[in-house]
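Letters go in sequence order (proteins before strands), and every chain restarts at 1.
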Amino acid sequence: MVDLSRLNPQQRDAAATLEGPVLILAGAGTGKTRTLTHRVAHMVDRGIPPDHILAVTFTNKAAREMQQRVVKLIPKLPARDDGRPTKPTICTFHSLCVRILRRHIEKLGYKRNFVIYSESEQLGVVKKILAAISGKDVKVGPRELHGLLSRIKNAGPGRSIFADEDSLAMAETLRRRYDTALKACNAVDFDDLLVLTLKLFEEHPDALEQCRARYRFIMVDEYQDTNTAQFELMRALADEHQNVCVVGDDDQSIYGWRGADVTNLLNLEEHFPGVKVIKLEQNYRSTNTILDAANAVIRNNPQRREKQLWSANGQGDLIRLQAFEDEDEEARTVVDEIEFNRMARRIPWREQAILFRTNMQARPLETALRAAGVRYHLIGGQSFFDRREIRDFLAYLKTFINPNDDASLLRIANVPSRGLSDVTMERLLAASQTHDCSVWAATNKDLVRADFQPRTRRAMEDFIELVYQCRGRLKDEHLSLVQWATDFLAEIEYAAELRKGEKNLETAENRMQNLKDLVATMDEKNDLLPAERLGQFLDDLTLDAERESEKEDAGDAVTLITTHSCKGLEYPHVHLVGCEEGLLPHTRSMEEGTLDEERRLFYVAITRAMKTLTLTHCLSRKKFGSVVPCHPSSFLKEIPDTLVEDLNEKAAEPVSVEEGADMFAAMRAALD
DNA sequence: AGACACAGGTTTTTT
DNA sequence: ACCTGTGTCT
């Protein structure tokens, strides 16, 4: 039996209310995950079969964490008939949809072995479309168009993003071309996972019934981040039984720009009348000084569900405010501060974080940290998938699973170069269009191959043979995928290819090691057949890019992180740099009229701090090469003076005897 | 096919 | 300032 008495009254109410719609308004640091995991455990105690429980999170990391904590709370899950334990489903919206679609997608005219396109593959398709219509004066870049298409898809049919008809018609045409291109490759993108599942539910009520019967108790975490498609999905599943519990904080909605719709939370009553609203306001993370500042700032936002965070942790230190001449001085001083904390106050690097609005701000910080010999790790930035070796490898895997996947095949057809030049591939692509088939199918036609030089023809035949060979080997039931992958990488001499492309031998070896590390994990799902295991491996990997960050969090190091990716994390000592008008709030958001969201971003940043918070800004900053003057962020003025220690005023005063004594005492203690 | 030069564009990021 | 993508030259 799980013990709910260790929860506070509101948390307990949330964990004990199992039926009917519930909204848990969980402010920053109020024990949201703890409440949710206890709720799941409580359900199981009350006899609800675990496989009737569905908890949806936004990231795989959050899903893993919740999974682990639930298992800890209920070590002995009830067993099924076959002796295996029944587990609650804890996953992301996207992986839930993959599971559903792997069962039912044939009803929608896709083949069961569909592939999921990663960001770069999606962009590749968009670029092709843009190139095809280059006659018209197109002013949008591929990224921009891709973002647009994504927003259209997620908004769902009937909901227009544009005011004017022309743009709408244009966007619709492009969207259709994009969808057709993907479907021709039996590929789906991230948005399709949601949209196609919705379509499935609409057109095939039996599939929906099956899911409703399975998932009778639904929880959605980070509910303020749901987009329209995700909301519709949740509603489709929960409409009948109404056993839905959403957890979120409208004040931490910072992903509106990528389609998250906070009105899903603000107007929840419209769709789930009689929803029980439970507020978690006791914060277990920060000092009251920090919470008072956060409360004061966020109060300036209209249209929010009122919350007042408080804590039993006492007042704590004042928030420190510092101004600097430029970003280099800012970086150096913050690093000095970190080192002072470590040496005089025995605060290790891992308990300190530097937060910033944009990635480019990380550069001067990294320079200063290196100069001072401080260990750090930078979160975010270059994604796993931007690495060439990973993208090549995945494209090979996708080609072997489904050679009709044009994007993947075109990517690897001539990597390493095997006599299938760009020109050849262009011609094959054209042939595929005239024959109305995939590039692979076109390449396999004698008629098509006859158009090429004997040498090229030979190269094509060799390539076809390679694909058949590798696919064929997958049929062996007892195959080790690690061995299989190692073999084909050796066969195509990929290591040599990497060395050729890299001037530095060291980085080439690094890349090869990355690949080997990845390959080594391929046989983890041992209970499946090799081909299925490969499919599962690809799905997991495509939907979860964050593998390497797990191993990097070991060791003592300062965290460098953007204000966006710090959501959900906490650090004893936080330095938020670049609190300047134009940066936080960002210029672009002021133009777009999304100042509220910037304020929430500032709110999220300051509520990461447990013990101390330092806010800094510069008087000038290099932007795109030239130096521009900067002004302090208007958000700083929203923090009551009584909570702030302005170190610029203080610098003008002499150091007090008392303070000097304190500092020396601290340093003496450090020398012990 | 590969190397180099020039133009353009630069928020935030997950799945 | 710097990175990416494109185009041109060898």
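With centroids closer than 5.5 Å and planes inclined by less than 30 degrees as the test, A:His586 and the base of B:dT11 pass as a stacked pair. Aromatic stacking of A:Trp257 on B:dT12: satisfied, with centres closer than 5.5 Å and planes within an angle under 30 degrees. In this structure, the aromatic ring of A:Tyr255 is not positioned over the six-membered ring of the base of B:dT14 within 5.5 Å between centres and 30° between planes.
Rounded to whole angstrom, the span from the NE2 atom of A:His94 across to the C1' atom of B:dT13 amounts to 12 Å. Protein atom NE2 of A:His564 is 13 Å distant from nucleotide atom P of B:dT11, rounded to whole Å. Distance CG (A:Asn359) to C1' (C:dC2): 14 Å, rounded to an integer number of Å. Rounded to whole Å, the distance from NZ on A:Lys623 to C1' on B:dT11 is 12 Å. For the pair A:Met360 CE and B:dT10 P, the interatomic distance rounds to 13 Å; values are reported in whole Å. With rounding to whole Å, A:Leu194 atom CG is found 13 Å from B:dT15 atom P. We find that CD of A:Glu121 is positioned 16 Å from C1' of B:dT14, with the value rounded to whole Å. Atom-to-atom, CD1 of A:Ile561 to P of B:dT12 comes out at 14 Å; the value is rounded to the nearest Å.
A:Tyr255 and A:His564 have tilted rings, their planes meeting at an angle from 30° to 60° on a 0 to 90° scale.
Residue A:Ser589 has no polar side-chain atom (N or O) positioned under 4.0 Å from OP1 or OP2 of B:dT12.
Stacking of A:Arg418 on the aromatic ring of A:Phe463 is not recorded, the 6.0 Å distance cut-off and the 45° axial limit not both being met.
When distances run from any side-chain atom of A:Arg258 to the nucleotides B:dT10, B:dT13, B:dA1, the shortest one goes to B:dT13. Of the candidates B:dA1, B:dT15, B:dT11, B:dA1 carries the atom nearest the A:Asn414 side chain, counting heavy atoms from C-beta on.
Here A:Ser565 lies in heavy-atom contact (under 4.0 Å) with sugar-phosphate atoms only. Counting non-hydrogen atoms under 4.0 angstrom, A:Phe93 reaches nothing in the nucleic acid. Residue contacts shown for A:Glu592 include a base, since a base heavy atom lies under 4.0 Å away. Looking at heavy-atom distances under 4.0 Å, A:Ser626 makes no contact with the nucleic acid at all.
Salt-bridge formation is not detected for the pair A:Glu461/A:Arg458: no Lys NZ or Arg NE/NH1/NH2 atom is positioned less than 4.0 Å from an Asp or Glu carboxylate oxygen. Salt bridge A:Asp326/A:Lys622: absent, no basic N to carboxylate O contact under 4.0 Å. Contact check on A:Glu598 versus A:Arg357 returns a salt bridge, with a Lys/Arg side-chain nitrogen under 4.0 Å from an Asp/Glu carboxylate oxygen.
Toward the 5′ end of DNA chain B lies the nearest nucleotide of A:Leu420, the other residue of the pair A:Leu420 and A:Thr358 mapping further downstream.
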